[in-house]
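Quick note: numbers below take in every heavy atom, side chains included, and nothing from hydrogens, waters or symmetry partners. Proteins come first, then strands; the chains are lettered A, B, ... in the order of their sequence lines, and each starts at number 1. Everything numeric in this text was worked out from a predicted model, so none of it was measured.
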Amino acid sequence: MTTQELTDLLGLKALSTFEPREITGVFISDMLSDVMAGAKSGNLWITVQTHKNIVPAANLVDASAVIVTNGKQVPEETIELANKHDIAILWTESQTFELVGRLYSLGLATQ
Amino acid sequence: MAECAHTWNMTNRQFGFAVFERCSHCRIIRAYYAEQDSWDDYKEGEHHWSIVENAQTFRFDLECEECGMYVSYDDFLGLLYCTSCLDDCPVEILRKKYEEDNTWILVGFGFLPESSANPYSAEKLEVLSEYFNQRRDTSRSRVKILPNSLIDKLSLCRGDFIHDVGMLSLEPPEERKPLF
Ligand SMILES: [Zn+2]
Ligand SMILES: [Zn+2]
C-alpha cells in the first residue's frame, strides 16, 4: 500500500505535499531518539509530536510518512520544512490507539 | 582477501542526555553526553558552569555484521540539521551543492569545545553516513554527515539538533533559544 492509498482509505488529512511511497511497516514513538535508533526505511511514523524537528528525523530514517494523531495542531514551520524535504505529514483527529487498530486491520504491522 | 564492504548495525544503544552548559565567567560552551540530566550550576576550577539545555538523546556504536569491525561513538554529541541561517556558511554552500544530487546534509557534532578545534574523525562520520544510507532507499535520496568544524561561526549558527529538546512535555514547544 502507498502513502496516497492509505491517506484516501483512512480519510487522513495531508498537511504537506508529497510523492506517494510504498509503506513497509509502522513505527510508533513520540521520541526522536527512538525513531533514529529504530525506525526502518518506508515506515509510517505515528506520533503526537509536531515540532519541526520531526522532519529531519523522518528524513534521516527515510520514513514514508509521519502521521500526527489526536488532532494535534501542526505548526506552519513544520509543514514548510516537510514540503521542502518531500516528507508526507498526515493528520487525523483519531487517537493513536484507534488509528493503529485500523492500520493493523489493513494488514500493516511493525517491520 | 577482498576488502569488506561493511554492513553496519547499531549496537550498544543507551538513552541519555546531551548536556549543554556555559561558563558564566569565560562564556565558553561545553556540550557532552551524560547518562543523567542535571540542572544545577557548579564550579570547576576557574569555571562556573550553568546548564543551557538538557536534551534527551541516545548514544550508540556501530558494528559490521560481516567482518566485526567496531566503531565507537562514545565521543559523539549528535546530528544537527542546517536551517540555512548563514548564506556564506561552508555547510550551507555544501548543502546547496549536495541537494542538487538528492543528498541531505547533516552536521555531526563531537563534544564541545573539543570538536570545534579538532574536527570529529572524518572516518567515523563516513561510517555513520554509510550506516544511515544502508538504512534508506538510496535510489530516492542519500544522507551525508559533515564535521561540525566546518561551521566557522558557531555562535551565529541557528541549526537545530535532532534531539528531543523540550519534548518531555507533549505540548507544542516554545521557540527554542539559540544554543551557542
Ligand atoms: Zn565489514
Ligand atoms: Zn570559564
Cluster check B/Ile93, B/Trp104: I/L/V/M/F/W/Y, side chain < 4.5 angstrom:
no

Between B/Ile162 and A/Pro56, what is the shortest heavy-atom contact and its length?
CD1-CB, 3.8 Å

Please classify the contact of B/Phe60 with chain A as side chain, backbone, both or neither, using a heavy-atom distance under 4.5 Å.
neither

Got a sec: does the NZ of B/Lys96 have more than 12 other heavy atoms crowding it under 6.0 Å?
yes

Taking side chain as everything from C-beta outward and backbone as N, CA, C, O, which of these in A/Val35 sits under 4.5 Å from a heavy atom of chain B? Side chain, backbone, both or neither.
backbone

A/Glu19 CD: over 12 foreign heavy atoms closer than 6.0 Å
no

In terms of heavy-atom pairs under 4.5 Å, which option from A/Ala57, A/Ala37, A/Gly42, A/Ala63 contacts chain B the most?
A/Ala37

Where do A/Asp34 and B/Gln56 land on the side chain to side chain contact (heavy atoms under 4.5 Å, CB included) test, with the steps shown first?
CA-CA 10 Å; A/Asp34 278 345; B/Gln56 290 185 79; over 6 Å; no

A/Leu44, A/Tyr104: one ILVMFWY side-chain cluster at the under-4.5 Å cut-off?
no

Tell me whether B/Phe76 shares a hydrophobic cluster with B/Tyr70, the cluster being built from Ile, Leu, Val, Met, Phe, Trp, Tyr side chains joined at under 4.5 Å.
no

If you check every heavy atom in residues 6-16 of chain B against those of chain A, which residues fall under 4.5 Å?
B/Met10, B/Arg13, B/Phe15

Intermediate values then yes/no, side chain to side chain contact (heavy atoms under 4.5 Å, CB included), A/Asn53 and B/Phe161:
CA-CA 8 Å; A/Asn53 285 2; B/Phe161 276 96; over 6 Å; no

Applying the 4.5 Å side-chain criterion to the ILVMFWY set and letting contacts propagate, would B/Tyr42 and B/Val52 be lumped into a single cluster?
yes

State the CZ-NZ distance between B/Arg136 and A/Lys40, to the nearest 0.5 angstrom.
16.0 Å

Sub-4.5 Å heavy-atom contacts with chain B: which residues of residues 82-90 of chain A show up?
A/Lys84, A/His85, A/Asp86

Would you say B/Glu114 has more than 12 foreign heavy atoms packed within less than 6.0 Å of its CD?
yes

Would you say the side chains of B/Asp137 and A/Ser41 form a donor-acceptor pair under 3.5 Å?
no

List the atom of B/Asp164, the atom of A/Leu32, and the distance in Å for their closest heavy-atom pair.
OD1-N, 2.7 Å

Under the side chain to side chain contact (heavy atoms under 4.5 Å, CB included) criterion, do B/Arg135 and A/Asp62 qualify, and how do the steps go?
CA-CA 8 Å; B/Arg135 262 176 74 173; A/Asp62 202 24; over 6 Å; no

I'd like to know if B/Ile28 and B/Ile151 are part of one continuous hydrophobic network [Ile/Leu/Val/Met/Phe/Trp/Tyr, side-chain heavy atoms within less than 4.5 Å].
yes

